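Heavy-atom basis, side chains included; hydrogens, waters and symmetry copies ignored. These numbers come from a predicted model, not from an experiment. Along the sequence shown, residues are numbered consecutively beginning with 1.
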Amino acid sequence: MASYLPIADDEKGHELDLFCVPKHYENDLDKVIIPHGLIMDRTERLARDIIRDMGGHHIVALCVLKGGYTFFADLLDYIKALNQNSDKSVPLTVDFIRVKSYCNDKSTNSVKVIGGDELSNLSGKNVLIVEDIVETGRTMETLLSLLSECNPKMVKVVSLLVKRTPRSSGYRPDYIGFEVPDAFLVGYALDYNEYFRDLSHICILNDQAKEKYKV
């Protein structure tokens with residue numbers, strides 16, 4: 001089972017005024033729940049674990065857009081640093097796919113995959129899927145099902161966050177950064193209707209903001 005850093009359900013978080021938060025979001029957030037520095041430290045360790053397990057193979061890193069792009073970039077920076085400073089290095093190429101399953105703060109029953117026609121290029125490859133958050137698990141299960149039809153050699157999934165929720169299908173990624181409460185989280189490229197991607201820390205969105213940015 002993947003190791004992870006748990007964030008408790010009763011985690012009080014940190015006051016916003018202890019951190020640099022964009023002024024335009026100050027009234028939209030309850031707390032900082034995972035500061036940026038902690039995200040970076042945990043991401044560095046995930047990179048080390050991935051190289052340890054997959055380091056004997058050429059890896060195709062598949063970024064799940066849009067929310068995964070910041071985690072993807074930081075994770076690959078740490079993997080590149082390990083490549084440059086260790087006796088064992090691994091060839092690394094990248095690809096991108098977009099998956100959408102949310103409207104406002106609700107997960108829809110349908111999962112839309114954009115770019116799925118290009119998955120055929122992953123046949124026979126060692127694939128690392130990089131995701132920002134796994135909630136119910138249905139989105140990732142759909143993507144893995146599509147990917148299996150293309151016959152990759154190996155598939156591993158790394159997710160920065162896994163949410164504890166009664167709606168979970170039971171799916172767990174191979175690598176997990178943090179296990180988090182069943183709250184709506186934004187920041188570090190996690191969005192609410194495209195807002196809050198420009199927030200460095202992971203924060204809890206307040207109810208007023210859900211109405212303010214609702215589509």
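Under the 3.5 Å distance criterion, the side-chain polar atoms of N206 are left unmatched by any main-chain donor or acceptor of D30. S169 contributes a side-chain N or O that, together with a main-chain N or O of T136, makes up a donor-acceptor pair within less than 3.5 Å. Judged by distance alone, with hydrogens and angles left aside, the side-chain atoms of K210 form no donor-acceptor pair with the main-chain N or O of L205 at under 3.5 Å. Listed for the H201 side chain is a donor-acceptor partner under 3.5 Å among the backbone atoms of H36.
The two residues L160 and F71 have their closest heavy-atom pair at N-CE2, 3.5 Å. Between F19 and P35, the shortest heavy-atom contact is CE2-CB, 3.7 Å. Considering all non-hydrogen atoms of both residues, N85 and A81 come closest at ND2-O, 2.7 Å. In this structure, D174 and A2 approach most closely via the heavy-atom pair O-CB, 3.2 Å. The shortest non-hydrogen separation linking L128 to L75 is CD2-CD2, 4.4 Å. The heavy-atom pair separating F96 from L65 by the smallest distance is CB-CD1, 3.9 Å.
The line from CD1 of I204 to CG of L185 is 6.5 Å long, rounded to the nearest 0.5 Å.
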Might you work through the salt bridge (Lys or Arg N to Asp or Glu O under 4.0 Å) test for K163 and E179, ending with a clear yes or no?
-> CA-CA 6 Å; K163 187 176 282 191; E179 189 183 75; over 6 Å; no
Does the pair I97 and L62 meet the rule for a side chain to side chain contact (heavy atoms under 4.5 Å, CB included), with working shown?
-> CA-CA 7 Å; I97 191 167; L62 181 63; 4.1 Å; yes
Give the C-alpha distance, both sets of side-chain angles, the deciding distance and a yes or no for side-chain hydrogen bond (donor to acceptor under 3.5 Å, both in side chains) between D28 and Y213.
-> CA-CA 10 Å; D28 302 323; Y213 298 104; 2.7 Å; yes
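For the pair R167 and D182, the salt-bridge criterion is met [side-chain N within less than 4.0 Å of a carboxylate O]. Salt bridge annotation for E11-K31: absent, with no cationic side-chain nitrogen under 4.0 angstrom from a carboxylate oxygen. At a threshold of 4.0 Å, the pair K23-E26 counts as salt-bridged, since one of the basic side-chain nitrogens sits closer than that to a carboxylate oxygen. A salt bridge does not link D191 to K66: none of the charged side-chain nitrogens sits closer than 4.0 Å to a carboxylate oxygen.
Side-chain contact annotation: D53 with Y175, donor-acceptor N/O pair under 3.5 Å present. For the residue pair E135 and T165, no side-chain donor N or O sits within less than 3.5 Å of a side-chain acceptor on the partner. Side-chain atoms of N83 and Y78 form no donor-acceptor pair, as typed in the model, at a separation below 3.5 Å.
In this structure, the side-chain contact (heavy atoms from CB on, under 4.5 Å) partners of R52, at least two apart in sequence or on a different chain, are R45, D49. With sequence neighbours left out, R42 forms a salt bridge (Lys or Arg N to Asp or Glu O under 4.0 Å) with no residue at all.
Under the 4.5 Å side-chain criterion, counting only non-hydrogen atoms from C-beta, V90 is in contact with I51. Considering only heavy atoms from C-beta on, L119 comes within 4.5 Å of L146 through its side chain. Here the side chains of L46 and R48 are not in contact, with every heavy-atom distance at 4.5 Å or above. Inter-residue side-chain proximity for V130 and V64 is flagged as unmet; no heavy-atom pair is nearer than 4.5 Å. The side-chain heavy atoms of I129 and M140, taken from C-beta on, include a pair separated by under 4.5 Å. The side-chain heavy atoms of L199 and P22, taken from C-beta on, include a pair separated by under 4.5 Å.
Remark: R172 is positioned above the aromatic ring of Y4, its terminal NZ or CZ atom under 6.0 angstrom from the ring centre and at most 45 degrees off the axis.
No more than 12 heavy atoms of other residues, nucleotides or ligands shown are found within 6.0 angstrom of OH on Y195. Around CG of N27, the count of heavy atoms belonging to other residues, nucleotides or ligands within 6.0 Å does not exceed 12.
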